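What follows is a single structure, written as structure tokens, with notes after it.
Remember, predicted model here, so these are calculated numbers, not experimental data. The sequence lines fix the lettering, A, B, ..., with proteins before strands; numbering per chain opens at 1.
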Amino acid sequence: MTAIESPTRPAVRQETPSGLVWSIRDCWTEASRHLRALPRNPEVLAFSTIQPVMFVLLFAYVFGGSINVPGYDDYNQFLIPGIFAQTVLFGSTFAAVGLAEDLSKGIADRLRSLPMFEPAVLIGRTFADLIRNLITFVVMLAVAFAIGFRFEGTLGEALAATLLLLAFAYAFTWVNALLGVSVGSVEAANSASFTWIFPLTFVSSAFVDPSSMPSWLEPIARNNPFTIATNAVRALYNGRAAGSDLWLALAWAVGITLVFAFLASRKFTSSTR
Amino acid sequence: MAQGLSKRFGETEALVGVDFEIQRGKVLGLLGPNGAGKTTAVRILCTLLEPDAGRALIDGIDVIAEPRRARARIGLTGQFAAVEERLTGFENLQHVGRLFHLRTSEARRRARELLERFDLEEVGDRVAKTYSGGMRRRLDIAMSLIGRPSVLFLDEPTTGLDPRSRLGMWDVIEELGRGGTTTLLTTQYLDEADRLADEIVVIDHGKAIARGTADDLKRRVGGELVEVVLADPADAGRVIDLLEHRALARGQAVPGTSVVTIPVEDLTGIVPAVVRDLDAGGIRVLDVGTRRSTLDDVFFALTGRPAEDGQSAGDSEDGPGSEAAQLAASHQAQLEARS
Ligand SMILES: Nc1ncnc2c1ncn2[C@@H]1O[C@H](COP(=O)(O)OP(=O)(O)OP(=O)(O)O)[C@@H](O)[C@H]1O
Ligand SMILES: [Mg+2]
């Protein structure tokens, strides 16, 4: 067997693709693939905006009058931050479906055969998902304001709450990214991600006070990281002390991001499939 | 290029010690039925899959040791068109160009150039979702050429295309071949490998079972076949002997039928000649016909059994087994009806 000598017409390349600058540019290139597509895909935009709006309205008007939560005169001030949290978490499931689609369509193979920074495929996607989630949030916030929701604390607290919300959703985008690169099909990715996200968001303080739950469920709901994040976000929007919830929620977000980004990248770049 | 490649997935041995090499500027055809291991071989060479054993070199670069460097020199068009449906043709090309780390201006220039070359200028600004199968496939190949790869991989580029798009794709690949692009082409179709490949490696169940130029293979199998349906299957041996002087290789009796196939060089005047021979030999014949050989014939000649896994012989042609069996069955029925 003889090796074939080098080609005489190499591709025009600026430099070897190993530098940090290239890695970041690759992430941005991948993110722009999704961001460019975002306004062209009406179903996705609809799911990301109309549905959350519907959630806010339904929950606020259906449950709004009937539920009393200790410490809150207006249930909406309690409920709406919970809906925000749940909606951005639902928004994190797009990553699972999108990556499973890239994999099953051969797009992942094509990208991995390029001399690019491979994790850029995941980083770019999670970043684009973050932007989409931000858009979703802004739309939801507008609707919430229209039905009477108010920031009761400072603008700084509201900003902190929003950042925490998005950071928390971003962390879960990585959990879904791992799911997306692990399961075999788009359908499986879709059902798999909702299978855990429903219990995670409902067995929590998002809609009701956990003390109203059965005694076996209550401790689970209380220690659910989603509860912790929701409590922190809710406290901040309402100008109350978030206490340890804030730091715990942040720690969860950072921890989940690091662990799952590592796992998902390793899975995606492994050459065993 | 590839040496002793082996890969198993659980119980399945996808590749068992496959060797091949592509000459610079040539097209190597990897010919095999469904599940033969073609995609597995391509994915190993493209650094996407690690083999259990063996090595693969691209321009002398070990793809396992230095995947990044190897990737800078390959272009992959996978089995399923990997285009981003939500982007336009132009954006798809530009996107891959940027990931290839071309300068932005260069990526745009290449994108335009390739759209033109692949006859996609008019649809270049439409999202790929609206493209036909043939257009997608052309865009897909264009995307794999952005970085001017020194080896191009085409995994079943015409599978799933209608006959016209298929011919169009052949033209595209032929032109690439003329332009001196080193190419590894996989296919399930003998005629495709025949037309496009300079050299063919036939693989089956992960093993390379034959290699050579299309002509070499046909010499062993026969590009054209004469098919004789006998009244009495017991005559098969005599028929093969009788017709040996007209055949490229010894004929074969299709097991379980009364059909004998004889590979021949040229079909001109062959049918009357065969009929005369058989008549002189006093053999009772139900039918004498001709057809072009298919992948199934290659397999049949090489392995003594038809290519497995159904559909492998292509959309229109059935294998010799099934076709001949049908033919024989209908003749049998006629015979019985007459007597
Ligand atoms: N990821 C995988 N996991 C398990 N088995 C696999 C995997 N990939 C391929 N195989 C098996 O390995 C064998 C070879 O598959 P491969 O895809 O290479 O065949 P192929 O020649 O490309 O076939 P086709 O014409 O259908 O594309 C098949 O039996 C297939 O089922
Ligand atoms: Mg294949």
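Looking at B:Q79, neither its backbone nor its side chain comes within 4.5 Å of chain A, counting heavy atoms on both sides. Neither the backbone nor the side chain of B:T40 comes within contact range of chain A, judged by heavy atoms closer than 4.5 Å. Interface remark: A:E101 contributes no atoms to any contact with chain B (heavy atom separation under 4.5 Å). Residue A:L38: no heavy atom, backbone or side chain, is found under 4.5 Å from chain B. Contacts between A:R40 and chain B at a heavy-atom distance below 4.5 Å involve the side chain alone, from C-beta outward. Neither the backbone nor the side chain of B:A70 comes within less than 4.5 Å of any heavy atom in chain A.
Applying the 6.0 Å contact sphere to CD of B:E175 captures no more than 12 heavy atoms from other residues, nucleotides or ligands. Around atom CZ of B:F90, more than 12 heavy atoms belonging to other residues, nucleotides or ligands sit under 6.0 Å away.
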Query raised in the report: When you look at B:H95 and A:L111, which way does the side-chain contact (heavy atoms from CB on, under 4.5 Å) test go after all the steps?
Result: CA-CA 10 Å; B:H95 182 246; A:L111 295 172; 4.2 Å; yes

Requested in this report: Take A:M116 and B:R71 through the test side-chain contact (heavy atoms from CB on, under 4.5 Å) and record every step on the way to the result.
Outcome: CA-CA 9 Å; A:M116 65 178 290; B:R71 285 173 192 177; over 6 Å; no

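In this structure, OG on A:S270 lies 9.5 Å from CG on B:L49, to the nearest 0.5 angstrom. The line from OG1 of B:T47 to CG of A:L114 is 9.5 Å long, rounded to the nearest 0.5 Å. In this structure, A:W22 CH2 and B:L99 CG are separated by 10.0 Å, a value rounded to the nearest 0.5 Å. Taking OG1 of A:T29 as the reference point, atom CD of B:Q94 lies at 9.5 Å (rounded to 0.5 Å).
For the pair A:D26 and B:R98, the minimum side-chain heavy-atom distance is 4.5 Å or more. Considering only heavy atoms from C-beta on, A:R110 comes within 4.5 Å of B:V96 through its side chain.
Ranked by heavy-atom pairs under 4.5 Å with chain B, the list A:A37, A:S104, A:A120 is led by A:A37. When each of B:I74, B:D140, B:V127 is scored by its heavy-atom pairs under 4.5 Å with chain A, the top score falls to B:D140.
In this structure, A:G106 and B:A82 approach most closely via the heavy-atom pair O-CB, 3.3 Å. The minimum heavy-atom distance between A:D109 and B:L48, with the atom names listed, is CG-CD1, 3.5 Å.
A salt bridge does not link A:R33 to B:E91: none of the charged nitrogens lies less than 4.0 Å from a carboxylate oxygen.
At a cut-off of 3.5 Å, with distance as the only test, a side-chain donor of A:H34 or B:R86 sits close to an acceptor on the other residue.
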